[in-house]
Amino acid sequence: MRLSHFYLPTQKETPSDAQIASHRLMLKAGMVYQSSAGIYTWLPLGLRVLRKIENIINEEMDAAGCQEVLMPTIQSAELWQKSGRLDSYGKEMLKFKDRHDRELLYGPTNEELITEVFSQHIKSYRDIPKNLYQIQWKFRDEIRPRFGVMRGREFLMKDAYSFDIDYEGAKKSYWRMYQTYLKIFKRMGLTAIPVRADSGAIGGDMSHEFQILAPAGESSLYYEVAFESLDFDDPNVMDEVVRLYAAVDEKHDPQSCPVPPHQLKQSKGIEVGHIFYFGSKYSEPLGAKVMTPSGQLVNVEMGSYGIGVSRLVGAIIEANFDGEGIKWPDPVAPFQVGIVNAKTHDPKAVAFADAVYEKLKEAGVETLYDDTDERPGAKFANMDLIGLPWQVIVGAKAVEKGIIEIKRRSDGTRQELDLTSFINQLAA
RNA sequence: CGGGGCGUAGCGCAGCCCGGUAGCGCGCCUGCUUUGGGAGCAGGAUGUCGUAGGUUCAAAUCCUAUCGCCCCGACCA
């Protein structure tokens, strides 16, 4: 993509509304535009990151045997009456009426709807277990939205729902998701700590929140220091993770905590995922029953599994930035490479940079080519701000010797080499 | 929902107390110079001063109402 054709409204000055780093950087880097309190327009750069995150989630969910569906954002209030949540969910739920005076709502979550969808066709134990998920916009009318996309009113969420014949099956589904979540967050370059949690309005017995450690986080949690030295590539890591202690502060009782104080750490965390087991809480009132092998009709056993997709964009930035801007982990970066031609006045350098761009494109590398007439300093500052993992700088040596300068955004290291070597290095 | 703050050019702000018809920086446009870390000079464009009433000869400024946004708290993924 040529920058001259790309809509990237970066800003030099810090928007006054932004309090935390990720919010400030997302506005400065031209990723989002605030349309209302807690409601954002995603601009091209931000949307690319959102899509990267969605893709990782899709891949891992599919690999875990789940199937994607897409439910509507607007739901009938009638359904929520059956589950009893129409009133209990409270003012966070946005309700309105259509022209026929029928009450509708903008879905804050989808347990009711998915249960109905499921029970339309699934009647036998032979058809389960199943795990259906979607990535869809939700609306929760927060009292006070804040921190940009980290606590918006409208937000993109992956919500999955498992259906099993009995508790044993449901437990298996639960732990499969637990493991899948660790993989998903790891692929995004994050270390997520699964903490025991309250199940809140969703309800249920077994519940874990997945927290990213960050000072800007809104949750307070306690965890065993051993979490910090976990090797997530170790195949046995699951046993280890499950054994370790971690809890949100409401669930943490210093009296009964099994971990001695010197092995316990306290931190702020950003909740990026939450999984629940809730049995027949929704299947019973909504009549979702299946036949067992012995011919009995039983309420299906359910769990639900959320990931804050749009929140993750903010959370990843909170975990990866410096004074110059964002430092995207490779798997979620909007582009892998940014090309800066530092000699826009030199036709040979322009031709060289054009060629570099074409070759990277041919090699299938996602590239943003700053082909504008800005001065080098402005281009460098802009590249650092938007935080692409690699910067390719075309300067005097490119024209003379065919050597390009490569800057790694994450640690600032630079190397000089030819383009082919760089492409090979990317492929490795 | 309680407490506080702010709405003036695309962004950041001054002007308001003490009414006299709007300004600064960045950005944007033109020209010349410049060209490896957000350039310099010269010229230029851009405003229903959030909205609606009111007071006044005259309102960005004073009064009333209203809408929006932000911060702290409580609440929440």
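Just so we're clear, the structure is a prediction, and the values are computed from it rather than from any experiment. Every chain is numbered from 1, with letters handed out A, B, ... down the list of sequences.
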Answer yes or no: is there an ion pair linking [X] with [Y], defined by an N-O contact shorter than 4.0 Å?
X: A/Glu112; Y: A/Lys82; answer: no
X: A/Glu366; Y: A/Arg48; answer: yes
X: A/Glu228; Y: A/Lys265; answer: yes
X: A/Glu68; Y: A/Lys158; answer: no
X: A/Lys397; Y: A/Glu416; answer: yes
X: A/Asp159; Y: A/Lys138; answer: yes

Rounded to whole angstroms, how far apart are [atom1] on [X] and [atom2] on [N]?
X: A/Asp373; N: B/A39; atom1: CG; atom2: P; result: 14 Å
X: A/His345; N: B/U33; atom1: NE2; atom2: P; result: 14 Å
X: A/Asn382; N: B/G27; atom1: CG; atom2: P; result: 13 Å
X: A/Asp141; N: B/C1; atom1: CG; atom2: C1'; result: 13 Å
X: A/Ile403; N: B/G36; atom1: CD1; atom2: C1'; result: 17 Å
X: A/Leu3; N: B/G38; atom1: CG; atom2: C1'; result: 14 Å
X: A/Arg409; N: B/G37; atom1: CZ; atom2: C1'; result: 13 Å
X: A/Glu250; N: B/A77; atom1: CD; atom2: P; result: 10 Å

* **A/Thr367-A/Tyr357 side chain donor-acceptor pair, cut-off 3.5 Å** => no

Taking atom [atom1] in both [N] and [M], what distance in whole Å separates the two?
N: B/C17; M: B/G12; atom1: C1'; value: 24 Å
N: B/A22; M: B/G47; atom1: C1'; value: 9 Å
N: B/C62; M: B/C57; atom1: C1'; value: 16 Å
N: B/C71; M: B/A39; atom1: C1'; value: 37 Å
N: B/C63; M: B/C1; atom1: P; value: 25 Å
N: B/U56; M: B/G50; atom1: P; value: 23 Å
N: B/C11; M: B/G53; atom1: P; value: 26 Å
N: B/C29; M: B/G10; atom1: P; value: 15 Å

* Assign each of A/Gln391 and A/Asp17 to its nearest nucleotide of RNA chain B by heavy atoms, then name whichever residue's nucleotide is nearer the 5' end. => A/Gln391

* A/Ala381 vs A/Glu374, nearer the 5' end of RNA chain B by closest nucleotide -> A/Glu374

Identify which nucleotide among [options] has an atom closest to any side-chain atom of [X], counting heavy atoms from C-beta outward.
X: A/Arg146; options: B/U34, B/C72, B/A77; result: B/C72
X: A/Gln34; options: B/G36, B/A74, B/C69; result: B/C69
X: A/Ala37; options: B/C70, B/G37, B/C75; result: B/C70
X: A/Glu405; options: B/G37, B/U35, B/G36; result: B/G36
X: A/Ile143; options: B/U35, B/A74, B/G37; result: B/A74

Within the structure, does a side-chain N or O atom of [X] lie under 4.0 Å from either OP1 or OP2 of [N]?
X: A/Arg140; N: B/A77; result: no
X: A/Ser16; N: B/G12; result: yes
X: A/Lys343; N: B/G36; result: yes
X: A/Lys12; N: B/C26; result: no
X: A/Arg144; N: B/C72; result: yes

* Give a yes or no on whether the backbone of A/Thr420 and the side-chain of A/Asp418 come within a donor-acceptor separation of less than 3.5 Å. => yes

Base partner of [N], which must satisfy Watson-Crick or wobble distances under 3.5 Å:
N: B/G68; value: B/C6
N: B/A14; value: none
N: B/G43; value: B/C29
N: B/G19; value: none

At 4.0 Å (heavy atoms only), tell me whether [X] reaches a base, stays on the sugar-phosphate, or touches nothing.
X: A/Lys407; value: base
X: A/Glu142; value: base
X: A/Gly306; value: nothing
X: A/Ala342; value: base
X: A/Glu13; value: base
X: A/Gly217; value: nothing
X: A/Asp346; value: nothing
X: A/Ser36; value: sugar-phosphate

* To do: May I ask you to verify whether the side chain of A/Arg414 and the base of B/G37 hold a donor-acceptor pair under 3.5 Å?
  => yes

* Asked: With no angle test and no hydrogens, is the base of B/G27 tied to the side chain of A/Gln11 by a donor-acceptor pair under 3.5 Å?
  -> no

* With centres under 5.5 Å and planes under 30° as the test, does A/Phe155 stack with B/A77? -> yes

* Would you find more than 12 non-hydrogen atoms of other residues, nucleotides or ligands less than 6.0 Å from A/Lys95 atom NZ? -> yes

